[in-house]
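Quick notes on the structure that follows.
In what follows, every chain begins at residue 1, and chains take the letters A, B, ... in the order their sequences are listed.
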Amino acid sequence: MQWAEQSESRRHRSRCRRRCRLPTGHPRMPRYQPARIEPKWQAWWDAHGTFATPRLPPPGAAKAYLLDMFPYPSGDGLHVGHPEGYTATDIVARFERMRGTAVMHPMGFDAFGLPAEEHAIRTGTPPRESTERNIATFRRQLKMLGFSYDWGRELATTDPEYVRWTQWIFLVLFDTWFDPERQQGRPIAELPIPPAITAAGEEAVARYRDEHRLAYQSEAPVNWCPALGTVLANEEVIGGVSERGGHPVVRIPLRQWMLRITAYADRLDRELDGLGWPESIKKLQRDWIGRSTGAEVDFFVPPAGADEPSAFEAWKRQRAETGYPATPAADVLRIYTTRPDTLYGVTCMVVAPEHPLLDRLTTPDQREAITAYCEAASRKSDLDRTDLAREKTGVFTGSHVIHPLTGAAVPVWVADYVLASYGTGAIMSVPAHDDRDFEFATTFGLEITTVIEPLDGNPVEGLFTGRGRAIASGPYTGLETAGFIERVAADLEAAGLGRPAVNYKLRDWLFSRQRFWGEPFPILHEVDDQDRPTGVVRPVAEAELPVPLPPLTDFKPGDTPDPPLSRAGHEWLFIERDGRRYRRETNTMPQWAGSCWYYLRFLDPGNTERFLDPEVEHAWMPVDLYVGGAEHAVLHLLYARFWHKVLHDRGHVSHPEPFGRLVNQGMILGEMEFTGYRAAGGGWISAEQRTEADTPVRLPAEQVEKQGEHFVLRDMPAIRVESRAYKMSKSRGNVVNPDEVVREFGADSLRLYEMFMGPLEATKPWSTTGVGGVRTFLDRCWRLVLDERADDLVLAPQVVDEPASDEQLRELHRMIDKVTRDIEALSFNTAIARMMEFVNFCTPLPRRPQALLEPFVTVLAPFAPHLAEELWEVLGKPAPVSLAPWPTVDEKWLRDETVEIPVQVQGKLRGRVVVPADADAAALQAAATTDPRIAELLTGRTIAKVVAVPGRMINFVLAKSEPQS
RNA sequence: GCCGGAGUGGCGGAAUGGCAGACGCGACGGAUUCAAAAUCCGUUGCCCGCAAGGGCGUGUGGGUUCAAGUCCCACCUCCGGCACCA
């Protein structure tokens, strides 16, 4: 394995050396040397401002906003996955520019983030320093690839001016409440205050407002690891201990900033409809939002010692009068269900361990068990609690509630498979028709009552979760699921016992982090003379933004969940305004904040008056094409849409959605690998028989061959070998470095290769010989125009200034037509294939008319811009080809005079005939039947039918005949 | 378990229901060269055949159609995502 890798890379290196070095003895021989021409043209574009974008599109011009997901500038530098999407948008940007479209094509850096902070903790270097260093590397690498960004618009989310407006948007969220009736965010000043609140005084009004803001504070349980001194994400907690170090983790409530994204759940779901996004991504978002419809139902909690039937009847009478209350009082257990048609199958209730009513429902003899159970549950992370493989656990509370329709007593249990954060934190358990309830009931030997049977009438033993027809359901017996749900929900509502309800899996967005390297919140907490918070919160005035990060030297987390910013000096931490003393908010925003609106700031990056000029916004938005990895299918794209909608509601942007068309580039895997397995004894073992004990060994391709379905060892065909490509990773050692590829093959080759690998959206393995293949193509382009044997850059002797032939023009215009359509469809691999065919066509020509080469170079320009500029110059055309007009296709060259038509007999290809392009069905048939082979096949047979598609094919269908003996 | 996506030569991949394998890699042969590299030209799905030609071929099994890689049904495998949301 070692050996194979070494020999391979040695081969690459030696090939590179041959290619890149000037040929000895002919120092001026003008070979294609990307290392020379690429920096030259990058500097030229820079100096001439070739890609600078005006503030507004010129009057009358179409606009195109072509956006890449901006990178996090990691210390590892650019990965070959980055240029894949970047090249795609760059080709479109360059193409659109050449067509006269006003193009917005910016780039920046998503520069807040954990790695920089961890680096800072390790080394003591301020995160800003390492971040700036990494940005410099990324910028150099992006420029090296010749992307046509307007670098004048570059921004980093960490720029103080950018942070200023991120904080400003937070204040917009803070100043907004969601009006459910209008389904719209509105200024907090317009929030109607109930008279009772007004009467209670100014403080009550302030509290009421705070409770309705889109940015609000709440006590949320978090994973706190005392040993590590930090709060951990759910994914970082395994089995109740920290993934790193195995330290205990406790769930503690902590004051957190939340964003009320759930208010927009419905719009975020519905407004996906019109977007030009992949259906799979829309579905991911819909699933994440997780809208479900059903009903809420109240189960009566009988007061201790009361006569239950009469208390229940009294409660029902009261409910019939007052109706269903918006918030449940302590006399009911409220549940949410998507299947109210199974109400008659309820055999038990289950509440989450955190349910507020649990304490009241617990009887003295069960208290000890319940307390122990809840404590154990509180120590588990969400991840442990939702581990499906785990057996159901739970404890009986000792008490019961009354079923609102049947009046039956239903026992109440507590179990952690019920989540406090969804619905009402309590469920009705219907074991016969829900698999989780079934499992729970089976574990604890609870009753199972069947109330639904399948529509086909065959009764089902045990669990049936499908829709069907109700049985043993009182007045609803015989109804089908949909009708039952509709009717029972209406009946419950009329009786004040329940109502139709909608629920979302989406939770409000926990927006604060106990980290240093993020945007400080522009929020002040009032403190008393002992520095204790009074609970009054005040936003920092807009004019005082940005709130900068304090200078710190120690970024380490502390012993308490207190954020690093709380260790800032007093001069940062405390501030006086209007005679009151305030302490700054010390949490910071998560990394998502900056990426929620960068696409807006690109349009107006230098604006010091506002976050974005409305005139500019109106002219460029929405984004016409957004390309990036599918890993952002949910979070980034959902968060950005949410912010955008709030900004829209508040009148700051003119479109409800930011990204019109979205495309996900596929992942680039490492090179294909063959893996054999050695058993403990040293002998080979076939891949399908291997066990954990066998050692994987990477094999060179020469030792492997394909036999039937599988790859086997060439020398031992009984031994199967695995063949696949893996995700690039440092630990696997299969990471391809763009710097090295550019050094060996050139930036144009890297760009072209990544586009030629396959469809943009497909996952595809890297192949270094494949890069060599496109490099060969570029070499051929070079030689098509230039004389490699001359001493200077001069045209090849075959290049002539004479008119192109009809055949050549036909070839040229077809190529232009295909490439144009393929760019529009983002089908770059086939566009490149077509250009290759064109070069293959031109190479053997003894005389190559300039009229053929010049349009070709313009078409090549979006793909291999540096080479195209150089060829353009040698052809004597004024630079830059990057802004030359895209060649127009002359339709007349797309039409053929004659076409070759396949002739089928009984659906099988039996010959071809050449006919005029406009030959109709009759002419086709006449031509086909004169072909001797076809005529012979038709002799003595009856033609039952002739299917002739003019310009396409002809098929003779024969009548059935007796088999000849 | 659920939801996506994909299965086509040795490999990456092309193919509005109408000539399967464009283009590239690799391999093989030739020209050039003292030799090699580079370059240029050619061959390359499998099987039978000297050839002309024929047969078979797009994960598997069915179906629709004059015609299926493409449409429909069932299944298998791989990749990715989600995962007790009542």
Tell which nucleotide pairs with B:rA52, taking only Watson-Crick or G-U wobble pairs whose two distances are both under 3.5 angstrom.
none

Using whole Å, what does the distance between atom P of nucleotide B:rU39 and atom CG of A:Leu784 come to?
15 Å

So what's B:rC75 paired with, Watson-Crick or G-U wobble, going by both distances under 3.5 Å?
B:rG59

Tell me whether the side-chain N/O atoms of A:Asn840 come closer than 4.0 Å to OP1 or OP2 in B:rC23.
no

Whole angstrom is fine here: how far is it from CG in A:Leu909 over to C1' in B:rG55?
14 Å

In this structure, how many angstroms lie between the P atom of B:rC25 and the CD atom of A:Glu671, rounded?
15 Å

Applying the 3.5 Å cut-off to both distances, the Watson-Crick or G-U partner of B:rC84 turns out to be none

Just how far is it from atom CZ of A:Arg467 to atom CZ of A:Arg339, taken to the nearest 0.5 Å?
6.0 Å

Please check the phosphate of B:rG4 (OP1 and OP2 only) for any side-chain N or O of A:Lys283 closer than 4.0 Å.
no

Residue matched to B:rG21 through Watson-Crick or wobble contacts both under 3.5 angstrom
none

Checking the side chain of A:Asn829 only, and the main-chain atoms of A:Met755 only, is there a donor and an acceptor separated by less than 3.5 Å?
no

Across all strands shown, which nucleotide pairs with B:rA35 by Watson-Crick or G-U wobble geometry, both distances under 3.5 Å?
none

Whole-angstrom distance between B:rG80 and B:rC84, as gauged at atom C1':
23 Å

Tell me whether the OP1 or OP2 atom of B:rA38 has a side-chain N or O from A:Arg783 closer than 4.0 Å.
no

Expressed in whole Å, how much space separates the C1' atoms belonging to B:rG18 and B:rG10?
30 Å

Do A:Ser749 and A:Tyr32 get their side chains close enough for a donor-acceptor pair, meaning under 3.5 Å?
no

Please work out if A:Ser292 contacts a base, only the sugar-phosphate, or nothing of the nucleic acid, heavy-atom cut-off 4.0 Å.
sugar-phosphate

Map A:Met836 and A:Gly423 onto RNA chain B by nearest heavy atom, then report which one ends up closer to the 5' terminus.
A:Met836

Under 3.5 Å, side chain of A:Lys282 to main-chain N/O of A:Leu275, donor-acceptor pair present?
yes

Return the value, rounded to whole Å, for the distance between atom CE of A:Met667 and atom P of B:rG5.
17 Å

What is the nucleic acid contact for A:Ser767, judged by heavy atoms within less than 4.0 Å: base, sugar-phosphate only, or nothing?
nothing

Donor-acceptor contact present, side-chain A:His403 to main-chain A:Val410, <3.5 Å:
no

So A:Leu284, base contact, sugar-phosphate only, or nothing? Heavy-atom distance under 4.0 Å.
sugar-phosphate

For B:rC23 and A:Arg834 - does any side-chain N or O of the residue sit under 4.0 Å from the phosphate oxygens OP1/OP2?
no

With sugar-phosphate meaning primed atoms plus P, OP1 and OP2, does A:Asp435 contact a base, only sugar-phosphate, or nothing at under 4.0 Å between heavy atoms?
nothing

Please determine, for B:rA14, whether a Watson-Crick or G-U wobble partner exists with both distances under 3.5 Å, and give it or none.
none

Rounded to the nearest angstrom, tell me the gap between atom CG in A:Asp287 and atom P in B:rC82.
11 Å

Value in whole Å for how far the P atom of B:rG1 lies from CG of A:Leu463:
15 Å

So what does A:Lys505 hit on the nucleic acid, given a heavy-atom distance under 4.0 Å: a base, only sugar-phosphate, or nothing?
base

Distance-only donor-acceptor test, A:Arg31 side-chain atoms vs B:rU39 base atoms, 3.5 Å
no

If you measure from the P atom in B:rG12 to the same atom in B:rU65, how many Å do you get, rounded?
36 Å

Suppose you measure atom C1' in B:rC48 against the same atom in B:rA14; what distance do you get, rounded to whole Å?
29 Å

Take the protein atom CE of A:Met835 and the nucleotide atom C1' of B:rG24, then report the distance between them rounded to whole Å.
13 Å

A:Tyr336 side chain reached by A:Ser292 side chain, heavy atoms, under 4.5 Å:
yes

Would you say A:Lys818 reaches B:rA22's phosphate, i.e. side-chain N/O to OP1/OP2 under 4.0 Å?
no

Across the strands shown, which category fits A:Arg507 at heavy-atom distances under 4.0 angstrom: base, sugar-phosphate, nothing?
base

B:rA68 versus B:rG62 - spacing of their C1' atoms, nearest Å:
14 Å

Phosphate OP1/OP2 of B:rG5: any A:Asn664 side-chain N/O under 4.0 Å:
no

A:Lys908 side-chain N/O to B:rC56 phosphate OP1/OP2 under 4.0 Å:
yes

What's the CG-C1' distance between A:Leu778 and B:rC23, to the nearest Å?
14 Å

Spell out, as yes or no, whether a donor-acceptor pair under 3.5 Å connects the side chain of A:Arg334 to the backbone of A:Glu296.
no

Taking only the C1' atom of each, what is the distance from B:rG54 to B:rU64 in whole angstrom?
29 Å

Take atom C1' in B:rC23 and the same atom in B:rU8, then report the distance between them in whole Å.
15 Å

Could you check if the base of B:rG21 is syn or anti? Syn means the glycosidic torsion is within 90 degrees of 0.
anti

Closest nucleotide of RNA chain B for A:Glu900 versus for A:Pro844: which of these residues is on the 5' side?
A:Glu900

Using a 4.0 Å heavy-atom cut-off, does A:Asn503 contact any base of the nucleic acid, only the sugar-phosphate backbone, or nothing at all?
nothing

Measuring only between side-chain heavy atoms, which start at C-beta, is A:Ile448 closer than 4.5 Å to A:Thr347?
no

I'd like to know if the side chain of A:Glu761 and the backbone of A:Val663 have a donor-acceptor N/O pair within less than 3.5 Å.
no

Which nucleotide, if any, forms a Watson-Crick or G-U wobble pair with B:rG69, using both distances under 3.5 Å?
none

Could you work out, with salt bridge (Lys or Arg N to Asp or Glu O under 4.0 Å) as the rule, every residue matching A:Asp435, not counting sequence neighbours?
none

Distance between P atoms of B:rC11 and B:rC46 (Å, rounded)
12 Å

When you measure from the side-chain N and O atoms of A:Arg780 to the phosphate of B:rG24, is any distance below 4.0 Å, counting only OP1 and OP2?
no

Classify A:Val957 by what it touches in the nucleic acid, base, sugar-phosphate, or nothing, heavy-atom distance under 4.0 Å.
sugar-phosphate

Using OP1 and OP2 only, check whether a side-chain N or O of A:Arg910 sits under 4.0 Å from B:rG54.
yes

Determine which nucleotide pairs with B:rC40, using a 3.5 Å limit on both distances of a Watson-Crick or G-U wobble pair.
B:rG30

Quick one: is A:Tyr422 getting a side-chain N or O under 4.0 Å of the B:rA86 phosphate, OP1 or OP2?
yes

Pick base, sugar-phosphate or nothing for A:Glu761, based on heavy-atom distances below 4.0 Å to the nucleic acid.
nothing

